[in-house]
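These notes concern the structure reproduced below.
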Amino acid sequence: MNTGPARGMRDFLPEDVRRRQYVIGVIADVYQRYGFEPLETPAVENLETLQGKYGEEGDRLIFKILKRGEGAETGQADLALRYDLTVPLARVVAEYRARLPKFFKRYQVQPVWRADRPQKGRFREFYQCDVDAIGSRSMVVEAELLAAAADVFLELGFADFRIVVNHRGLLNAILSQAGVAGDDRGAALVIMDKLDKIGANGVREEMRAKGFRDEVAGTLLSQLGAEAPADWLERPGDGLNEEGRAAMQELRGIFSLSKGTSAGPHLDLDRALARGLSYYTGSIFEVRVPDLAGSLGGGGRYDNLIGMFSGDSVPACGISLGLERILVVMGERNMFPPALLATPADVMVAVWNEGQIADLLSLAATLRSAGLRVEMYPEADKIGKQFKYASARNIPFVAVIGDEELANGTVAVKNMKTGEQAAHARAAVAAHIKSVISG
RNA sequence: GUGAGUGUAGCUCAGGGGUAGAGCUCCGGACUGUGGCUCCGGCUGUCGCGGGUUCGAAUCCCGUCACUCACCCCA
């Protein structure tokens with residue numbers, strides 16, 4: 001019997017969970033500082049809720065759930081595991097619009113599922129940490145989201161992250177200029193997005209392979225490929241259509257509003273950034289560090305997604321951080337605080353003989369009500385083995401009531417780090433341990 | 001969906017046609033009121049699975065599955 005978890009899924013042992021909870025704690029804390037409220041939604045959505053929101057590739061990767069009953073034979077699916085947290089949010093906003101504040105700001109940390117092939121930093125079940133702001137078209141939203149994301153990475157100890165920004169409107173304008181029509185735009189964008197990986201020649205080849213004329217690649221590369229001059233954004237945007245000039249105006253807004261925020265020093269404009277999800281309509285972002293090929297997070301504006309559920313257009317913008325990728329990089333770089341290797345208990349109560357156990361449980365209860373974490377050794381055993389066990393578990397104190405202590409009403413407390421051992425009155429044990437722990 | 005690499009003890013891995021190995025873990029002992037260090041002893045295997053070649057396969061060949069990495073795409 002294979003005892004491993006299913007492909008792309010993972011078990012989290014206590015040490016893993018501590019690390020995950022630490023990072024999630026930092027993220028939730030920062031988001032709350034910006035006034036975002038928590039939201040949770042079901043793991044399972046109606047299939048039709050998810051389909052057609054992510055683009056062709058995304059649809060293919062949705063984990064579907066067979067219809068119960070006869071559907072199990074026909075292979076028909078009517079439910080699916082959620083693919084991201086953004087579409088469920090859009091559904092929630094469409095459903096509860098009247099009850100939610102005019103500017104709904106929510107954060108959400110939950111697992112999502114994708115049926116693709118696992119590799120480094122990529123799993124079939126993984127946590128996303130989303131923040132989104134609903135209801136405003138102002139670039140203040142973008143600036144605050146980027147600042148919150150930057151705060152998260154700074155607080156976790158990252159110094160070298162970059163937040164890359166671009167705009168779908170700008171990309172659309174440039175594609176129009178190059179004469180790329182609606183259906184081909186996705187494919188062209190995906191290729192342009194790889195510019196920094198495969199270079200200009202790689203882009204030319206791949207565009208040719210996908211059936212684009214060489215002039216198209218040429219126009220796109222001349223617009224997107226060359227290093228943007230530092231003042232590119234300040235230029236009038238000649239040659240761009242109206243959509244493109246509006247996009248430039250929004251990008252200017254994001255950069256100028258971010259000047260005084262924590263995101264400011266980490267922002268880069270990358271006119272070739274495209275992002276795959278089809279629901280983005282305006283600004284788009286991606287968080288990168290040099291040691292990971294993929295991104296640590298991404299997001300953007302999706303002003304039409306909620307309208308796909310409710311009919312009326314509600315502006316929205318958000319960022320999603322990938323918990324697993326953050327953990328992968330933090331692990332490789334040894335960025336976790338040493339306190340996370342903390343011990344499971346402050347003191348272990350050893351069992352001298354079986355008949356004592358009821359009394360030892362009451363000693364443990366006393367220590368616990370004094371605020372200590374207490375592990376009870378569950379059975380009478382050789383005392384040496386009990387010490388060895390405490391030592392292996394990194395528990396800093398062991399309390400023993402042997403024959404001698406029983407006779408004079410004391411508790412022997414051994415400090416496992418220094419090896420010192422002393423007898424204490426029962427009532428004084430907790431105070432002694434606490435004073436040593438707090439240094 | 002495509003490609004590459006790796007599957008040997010609970011874990012990390014060596015062995016590349018001739019009896020299945022090491023380190024760590026675990027268990028016992030030296031040390032029956034005390035862990036870490038040391039020393040001694042011990043347990044554990046369909047060598048991923050199926051087929052083929054061979055007198056003989058963990059080893060060579062074919063297939064298959066799993067994992068890892070890369071591509072695609074993405075957090």
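Lettering follows sequence order; numbering is per chain, from 1. All heavy atoms count here, side chains included; hydrogens, waters and symmetry mates do not.
A cation-pi arrangement is found for A:Arg19 relative to A:Phe336, the charged atom lying closer than 6.0 Å to the ring centre and inside a 45° cone about the ring normal. For the pair A:Arg124 and A:Phe63, the cation does not sit on the ring face, since its NZ or CZ is not both under 6.0 Å from the ring centre and inside 45° of the axis.
The side-chain contact (heavy atoms from CB on, under 4.5 Å) test with A:Arg325 is passed by exactly one of A:Met330, A:Lys120, A:Arg122: A:Arg122.
Taking 4.0 Å as the cut-off between side-chain N and carboxylate O, A:Glu57 and A:Arg60 count as a salt-bridged pair. Using a 4.0 Å cut-off between a side-chain N of Lys or Arg and a carboxylate O of Asp or Glu, A:Glu324 and A:Arg10 qualify as a salt bridge. Using a 4.0 Å cut-off between charged nitrogen and carboxylate oxygen, A:Asp16 and A:Arg20 do not count as a salt-bridge pair. Using a cut-off of 4.0 Å between Lys/Arg side-chain N and Asp/Glu carboxylate O, A:Arg33 and A:Glu155 are scored as salt-bridged. Between A:Glu420 and A:Lys414, no side-chain nitrogen of the basic residue sits less than 4.0 Å from a carboxylate oxygen of the acidic one, so the salt-bridge criterion is not met. For A:Asp346 and A:Arg373, the salt-bridge test passes: some basic side-chain N is under 4.0 Å from an acidic carboxylate O. With respect to the salt-bridge test (charged N to carboxylate O, under 4.0 angstrom), the residues A:Arg114 and A:Asp116 do not qualify. At a threshold of 4.0 Å, the pair A:Glu37-A:Lys105 does not count as salt-bridged, since none of the basic side-chain nitrogens sits closer than that to a carboxylate oxygen. A:Glu375 has a carboxylate O that lies under 4.0 Å from a charged side-chain N of A:Arg393, or vice versa, which qualifies the two as a salt bridge. A salt bridge links A:Asp359 to A:Arg426: one of the charged nitrogens lies within less than 4.0 Å of a carboxylate oxygen. Using a 4.0 Å cut-off between a side-chain N of Lys or Arg and a carboxylate O of Asp or Glu, A:Asp193 and A:Arg275 do not qualify as a salt bridge.
Across the P atoms, B:G35 and B:A30 are found 12 Å apart, a figure rounded to whole Å. Atom P of B:C47 sits at a distance of 12 Å from the matching atom of B:A57, rounded to the whole Å. A gap of 36 Å separates the C1' atoms of B:G16 and B:C72, to the nearest Å. When the C1' atom is used for both B:A20 and B:C43, the distance is 16 Å, rounded to whole Å. Separating the C1' atom of B:A58 from that of B:C13 is a span of 15 Å, rounded to the nearest Å. Between B:U19 and B:U34, the two P atoms lie 47 Å apart (nearest whole Å). Taking atom C1' in both B:C26 and B:G10, one finds a spacing of 8 Å when rounded to whole Å. For the C1' atom pair drawn from B:C11 and B:A70, the interatomic distance equals 27 Å after rounding to whole Å.
The nearest whole Å value for the distance from the CZ atom in A:Arg10 to the C1' atom in B:A75 is 11 Å. Atom CG of A:Leu13 is separated from atom P of B:G10 by 17 Å (rounded to the nearest Å). Nucleotide B:C74 holds its C1' atom 14 Å from the CD1 atom of A:Ile62, rounded to whole Å. The CG atom of A:Leu156 sits 15 Å away from the C1' atom of B:A75 (whole-angstrom rounding). Rounded to an integer number of Å, the gap from CG of A:Leu85 to C1' of B:A75 is 10 Å. Taking atom CD1 on A:Ile319 and atom C1' on B:C74, their separation rounds to 16 Å, with Å as the unit. Rounded to an integer number of Å, the gap from CG of A:Asp59 to P of B:C73 is 16 Å. As a whole-Å value, the separation of A:Leu292 CG from B:C73 P is 17 Å.
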What nitrogen or oxygen pairs link the protein and nucleotides 5-7 of chain B at under 3.5 Å?
none

Show me the protein contacts with nucleotides 28-39 of chain B, counting only N or O atoms at under 3.5 Å.
residue : atom : partner  : partner atom : Å
B:G28   : OP1  : A:Lys385 : NZ           : 2.7
B:G29   : OP1  : A:Lys382 : NZ           : 2.9
B:G29   : OP2  : A:Lys382 : NZ           : 3.3
B:G33   : O6   : A:Glu404 : N            : 2.8
B:G33   : N1   : A:Glu405 : OE1          : 2.8
B:G33   : N1   : A:Glu405 : OE2          : 3.1
B:G33   : N2   : A:Glu405 : OE2          : 3.0
B:U34   : O2   : A:Lys414 : NZ           : 2.9
B:U34   : O2   : A:Gln421 : OE1          : 3.3
B:U34   : N3   : A:Gln421 : OE1          : 2.5
B:U34   : N3   : A:Gln421 : NE2          : 3.4
B:U34   : O4   : A:Gln421 : OE1          : 3.4
B:U34   : O4   : A:Gln421 : NE2          : 2.5
B:G35   : N7   : A:Lys414 : NZ           : 3.0
B:G35   : N1   : A:Met416 : O            : 2.4
B:G35   : N2   : A:Met416 : O            : 2.7
B:G35   : N3   : A:Ser391 : OG           : 3.3
B:G36   : N2   : A:Lys417 : O            : 3.4

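Across residues 19-40 of chain A, not one residue has a non-hydrogen atom less than 4.0 Å from an atom of RNA chain B.
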Produce a footprint string for nucleotides 67-72 of chain B: one letter per nucleotide, 5' end first; B if the base is under 4.0 Å from any protein heavy atom, S if only the sugar-phosphate is, - if neither. S-SBBB
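Base orientation of B:G5: anti, since the glycosidic angle falls outside 90° of 0.
Within 4.0 Å of A:Leu296, counting heavy atoms only, lie sugar-phosphate atoms of the nucleic acid but no base atom.
Partners of A:Arg333 under the side chain to side chain contact (heavy atoms under 4.5 Å, CB included) rule, at least two apart in sequence or in another chain, are A:Phe158, A:Asp160, A:Val289, A:Pro290, A:Asp291, A:Val329, A:Met335.
A:Met207 contributes atom CE, which lies 11.0 Å from atom CD of A:Glu215 (distance to the nearest 0.5 angstrom). Atom CZ of A:Arg106 and atom CG of A:Leu89 lie 4.0 Å apart (nearest 0.5 Å).
A stem is defined here as three or more consecutive Watson-Crick or G-U pairs, each with both distances under 3.5 Å; for RNA chain B these stems are B:1-7 with B:65-71, B:10-13 with B:21-24, B:26-30 with B:38-42, B:48-52 with B:60-64.
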